[in-house]
> 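Dumping the structure here so I can ask a few things about it.
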Amino acid sequence: MKTVLVTGFEPFGGERLNPSAEIAQRLHGVLIAGHRVEGAVLPCRFGAAIVELRKRIRKTRPVLVVCVGQAGGRPEITPERVAINVDDARIADNGGARPVDAPVVRGGPAAYFSTLPIKAIVAALRKKGVPASVSQTAGTFVCNHVFYGLMHALRRRRAVRGGFIHVPFLPEQAGKGQPSLPLATMVEAITLAVETALRRRRDARKAGGATH
Ligand code: PCA
């Protein structure tokens, strides 16, 4: 049976939880559209996170890789459009590292695009009533780092598609007035994203960019 790799991250920045780790663990072993999900939790550390991701890709030989991370403060599920070749950390990672204006891959291209059908995923989520939109930046912390590392690893493997999806806080993490989504909704959302990516090769063509 073909495999889909879904990764999350361990908690970081003083949090006790990371919704992305919970999602990856919940989806481990689940079947989606005839594919078996391999769920993995990556360290929230520059360098080590990509090493672990590549190890999992070698071991599980997935046809699709969806990396998930927490974007506290965002109100929606946000498939990322583009990974950039920059590490620029506002806070230390879980190993104490705080790279500033460093490349993810020395000599690598400035950016890689997601090969997930990001607009079709957003449309599928909205149809189910789940708040979603395309994000134009995954930031410059460990999530963008892993997203770039993923697309760099897949650059010559055209048959394997991959990308990154940010998710909001869980209700128990959100402070007063901060947006969140229940875990069950996020698990459903990532399941639907995987299913959409497996079922369609081409993205939907819909205007969706921000005007600023
Ligand atoms: N979110 C962070 C890193 C790990 C995570 O879940 C980010 O957005 O970079």
Side-chain angles (χ1 to χ4, degrees), residues 5-28 39-56 65-105 108 111-112 114 116 118 121 131-153 162-175 178-183 185-187 189-190 193-194:
L5 179 60
V6 175
T7 70
F9 284 99
E10 61 188 17
F12 69 102
E15 296 286 331
R16 270 189 323 104
L17 287 169
N18 188 323
S20 65
E22 305 296 319
I23 294 164
Q25 281 161 354
R26 293 273 185 311
L27 288 181
H28 181 71
V41 178
L42 304 177
C44 188
R45 281 186 282 138
F46 288 99
I50 293 180
V51 170
E52 181 64 24
L53 174 68
R54 293 187 75 122
K55 203 165 94 189
R56 296 291 179 145
V65 184
V66 177
C67 296
V68 184
Q70 162 194 309
R74 285 193 192 172
E76 300 177 308
I77 305 285
T78 46
E80 297 290 346
R81 189 192 291 268
V82 58
I84 61 173
N85 194 11
V86 177
D87 290 334
D88 194 19
R90 199 170 35 80
I91 58 168
D93 72 7
N94 285 0
R98 234 197 105 187
V100 173
D101 296 345
V104 180
V105 176
Y112 287 108
S114 172
L116 300 181
I118 51 174
I121 289 170
S133 61
V134 168
S135 163
Q136 318 297 352
T137 174
T140 53
F141 193 50
V142 184
C143 286
N144 173 75
H145 178 83
V146 156
F147 183 17
Y148 188 95
L150 168 67
M151 301 320 294
H152 190 71
F164 198 97
I165 301 178
H166 263 121
V167 297
F169 276 142
L170 290 164
E172 48 270 58
Q173 294 177 283
Q178 277 184 319
S180 67
L181 284 176
L183 181 58
T185 305
M186 299 210 227
V187 170
I190 300 305
V194 167

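One is the number of the first residue; the rest follow in order along the sequence. Only a predicted model underlies this, so the values are computations on that prediction, with no experimental measurement involved. Counting starts at 1 for both ligands and their atoms, in listed order.
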> With under 30° as parallel and over 60° as perpendicular, where do the rings of Phe46 and His145 fit, or are they tilted in between?
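The rings of Phe46 and His145 stand perpendicular, inter-plane angle above 60°.
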> Is the count of non-hydrogen atoms from other residues, nucleotides or ligands lying under 6.0 Å from Arg74 atom CZ greater than 12?
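More than 12 within 6.0 Å, yes.
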> Given 3.5 Å as the limit, does a donor-acceptor pair link the side chain of Asn85 with the main chain of Val104, or not?
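Yes: the side chain of Asn85 pairs with the backbone of Val104.
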> Distance under 4.0 Å, heavy atoms only, partner ligand 1: which residues pass?
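Protein residues near ligand 1 are Phe9, Phe12, Asn18, Cys44, Gly69, Gln70, Phe141, Val142, Cys143, His166.
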> Can you check whether Gly69's main-chain N or O pairs, donor with acceptor, with Asn18's side chain at less than 3.5 Å?
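Answer holds: no.
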> Which pairs pass salt bridge (Lys or Arg N to Asp or Glu O under 4.0 Å) with one or both residues in residues 11-24, sequence neighbours excluded?
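Non-adjacent pairs meeting salt bridge (Lys or Arg N to Asp or Glu O under 4.0 Å): Glu22-Arg26.
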> Rounded to the nearest 0.5 Å, how far does CZ of Phe141 lie from CG of Asp88?
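Those atoms lie 11.0 Å apart.
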